[in-house]
There are 2 protein chains.
Amino acid sequence: MSTMIETETAADLLRSHSLRVTAPRVAVLRELSAIPHADVDSIARATRERLGSVSTQAIYDILAVLSVNGLVRKFGPAGHPARFELELGDNHHHLVCRTCGTMIDVECAPGKAPCLDAADDHGFAIDEAEVIYWGICPACAATAVAATT
Amino acid sequence: MSTMIETETAADLLRSHSLRVTAPRVAVLRELSAIPHADVDSIARATRERLGSVSTQAIYDILAVLSVNGLVRKFGPAGHPARFELELGDNHHHLVCRTCGTMIDVECAPGKAPCLDAADDHGFAIDEAEVIYWGICPACAATAVAATT
DNA sequence: CACCAGAACTTGAATCAGTCAAGAGAAGGG
DNA sequence: CCCTTCTCTTGACTGATTCAAGTTCTGGTG
């Protein structure tokens, strides 16, 4: 588990975006800071452990609000349920294993913030470039070799 | 409609990958060459128009096979159903409107094929870098302004 | 050219992520 | 402390995708 942010920090985050401070929202923010690439289900379970009971719908609502307000990033590799992470402004990217779905953060290639610009924006107001590196993780590669042998 | 590939071309594509040549597969390949960012439903409907009747399950199976064999790329912006396109080796990227979902191809920034390398591959065998530019398309931007007024 | 084995396709049911809608409940300004 | 409004709960529902069993067809073989 990474370092979970404090309750007060989460509350301040909400206030600074003019959002109401509620127990479920604070809990979701805290769990997001602790779980690397959380899907809705993980967040729901972790939040319930902390608060006793929270509806799944509330989790969806909360994530949608946080997302719209730029507090969290939502991303979703094709074929996998949506995942969420706190928006830290570092525009890092993700490395995903095609076989097991394992996901790892990777830095944007150092010294280049280039991925933010498309060659031609076709008139769109681009606000984010999402990069997903697809590959096979070491563990799955080993398994594949073993199966072939 | 873009230029649809010939039946014989599609069949050759399949043979060159040691895949059986069947009417549904040929039809799906042809439709993929004609429909820009086809989702399963579009492909299914177009294929049925051509062949009379094909099960949805067959479409999924075919797309899965083509995908595994590198004939098509599957990609899926979070919150949208999966989309498919013929793998042309040009590693272009996609521009997606957050509001209406419109999708447009964009070139990889000219002169740079850099997006293919992550700063640190964590031992993964990376075979593809998928880039999604998120933004608001001109049409939706106009609508938003109108609503505010 | 007919035959066979395995690969593809059909059908129908089931699962899972995510959404919709109506009402009960709390946050925060006055 | 009260009221308005936003939030959360409950329960039903849709749409995408998958599972499973059985039939059909492709491509290699004798």
Side-chain angles (χ1 to χ4, degrees), chain A residues 7-8 10-29 31 37-45 47-48 50-69 71-72 74-84 98-99 101, chain B residues 7-8 10-29 31 37-45 47-48 50-69 71-72 74-84 98-99 101:
Chain A
T7 299
E8 207 37 55
D12 288 344
L13 254 175
L14 290 167
R15 285 192 202 99
S16 68
H17 287 258
S18 312
L19 297 172
R20 290 195 179 176
V21 178
T22 68
R25 287 182 176 182
V26 168
V28 166
L29 278 174
E31 297 303 341
H37 307 100
D39 56 20
V40 173
D41 197 54
S42 310
I43 298 169
R45 265 182 291 120
T47 306
R48 285 181 190 125
R50 184 167 305 277
L51 298 183
S53 106
V54 185
S55 69
T56 303
Q57 186 59 49
I59 305 293
Y60 277 101
D61 286 350
I62 291 168
L63 289 170
V65 170
L66 297 180
S67 192
V68 166
N69 284 275
L71 279 165
V72 310
K74 170 182 182 176
F75 58 103
H80 297 266
R83 288 169 179 270
F84 301 82
R98 284 193 194 278
T99 306
Chain B
T7 300
E8 206 39 52
D12 287 344
L13 254 176
L14 290 167
R15 285 192 202 98
S16 70
H17 286 259
S18 312
L19 297 172
R20 291 197 178 176
V21 178
T22 68
R25 286 183 177 182
V26 167
V28 166
L29 278 174
E31 297 304 341
H37 308 99
D39 57 20
V40 173
D41 198 53
S42 311
I43 299 170
R45 266 183 290 120
T47 306
R48 284 181 191 124
R50 185 167 301 279
L51 298 183
S53 106
V54 185
S55 69
T56 303
Q57 185 59 51
I59 306 293
Y60 276 100
D61 286 350
I62 291 168
L63 289 170
V65 170
L66 296 180
S67 190
V68 166
N69 284 275
L71 279 165
V72 311
K74 171 181 182 177
F75 58 103
H80 297 265
R83 288 170 178 268
F84 301 83
R98 284 192 194 277
T99 306

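Computed from heavy atoms alone, side chains included, the values below leave out hydrogens, waters and symmetry copies. The shown structure was predicted, so the numbers you read here are calculated from the model rather than taken from an experiment. Letters A, B, ... mirror the listed sequences (proteins, then strands); counts begin at 1.
- With sequence neighbours excluded, the residues that form a side-chain contact (heavy atoms from CB on, under 4.5 Å) with Ala78(A) are Lys74(B).
- In summary, contact between chain B and DNA chain D, defined as any nucleotide atom under 4.0 Å from a heavy atom of the protein, begins and ends at dA16(D) to dG27(D) in the 5' to 3' direction.
- Partners of Ala44(A) under the side-chain contact (heavy atoms from CB on, under 4.5 Å) rule, at least two apart in sequence or in another chain, are Arg48(A), Ile59(A).
- If you check residues 55-65 of chain A against DNA chain D, the residues with a heavy atom closer than 4.0 Å are Ser55(A), Gln57(A), Ala58(A), Ile62(A), listed by number.
- Applying the side-chain hydrogen bond (donor to acceptor under 3.5 Å, both in side chains) rule to Ser42(B) yields the partners Asp39(B); only residues at least two apart in sequence or on another chain are considered.
- Two residues are said to be in side-chain contact when any heavy atoms from C-beta on lie closer than 4.5 Å; Leu14(A) and Leu66(A) meet this criterion.
- In plain terms, the two heavy atoms of Pro24(A) and Val54(A) that are nearest each other are CB-CG1, 4.3 Å.
- Residues that satisfy the side-chain hydrogen bond (donor to acceptor under 3.5 Å, both in side chains) test with Arg20(B), not counting sequence neighbours, are absent from this structure.
- Nearest-nucleotide mapping onto DNA chain C: of Ser53(B) and Gly79(B), the residue sitting toward the 5' end is Ser53(B).
- Counting 5' to 3', DNA chain C first comes under 4.0 angstrom of a heavy atom of chain A and last does so at the ends given by dA17(C) to dG28(C).
- Put simply, CG on Leu13(B) and CG on Leu71(B) are 5.5 Å apart, with the number rounded to the nearest 0.5 Å.
- Note on the helix from dC1(C)-dG30(D) to dG30(C)-dC1(D): angle between the axes of the first and last five pairs equals 30°, rounded to 10 degrees.
- Residues satisfying the side-chain hydrogen bond (donor to acceptor under 3.5 Å, both in side chains) test with Ser55(B), not counting sequence neighbours, are none.
- Taking both residues in full, the closest heavy atoms of Ile43(A) and Ala38(A) are given as CG1-CB, 3.5 Å, listed atom of the first, atom of the second, then distance.
- For the pair Ala27(B) and Leu51(B), the tightest heavy-atom approach, listed with the atom from each and the gap, is CB-CD1, 3.8 Å.
- In this structure, CZ on Arg83(B) lies 13.0 Å from CG on Leu63(B), to the nearest 0.5 angstrom.
- Annotation: side-chain hydrogen bond (donor to acceptor under 3.5 Å, both in side chains) contacts of Arg98(B) (sequence neighbours excluded): Asp127(A), Glu128(A).
- Every residue two or more places apart in sequence or in another chain was checked for a salt bridge (Lys or Arg N to Asp or Glu O under 4.0 Å) with Asp61(A), and none qualifies.
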> Run the side-chain contact (heavy atoms from CB on, under 4.5 Å) check on Thr47(B) and Ile62(B) step by step: do they pass?
Replying inline: CA-CA 12 Å; Thr47(B) 306; Ile62(B) 291 168; over 6 Å; no
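- For the segment residues 18-28 of chain B, the set of residues with a heavy atom within less than 4.0 Å of an atom of DNA chain C comprises Arg20(B), Thr22(B), Pro24(B), Arg25(B), in numerical order.
- Comment: Arg15(A) engages Glu8(A) in a salt bridge, judged by a side-chain N to carboxylate O separation of less than 4.0 angstrom.
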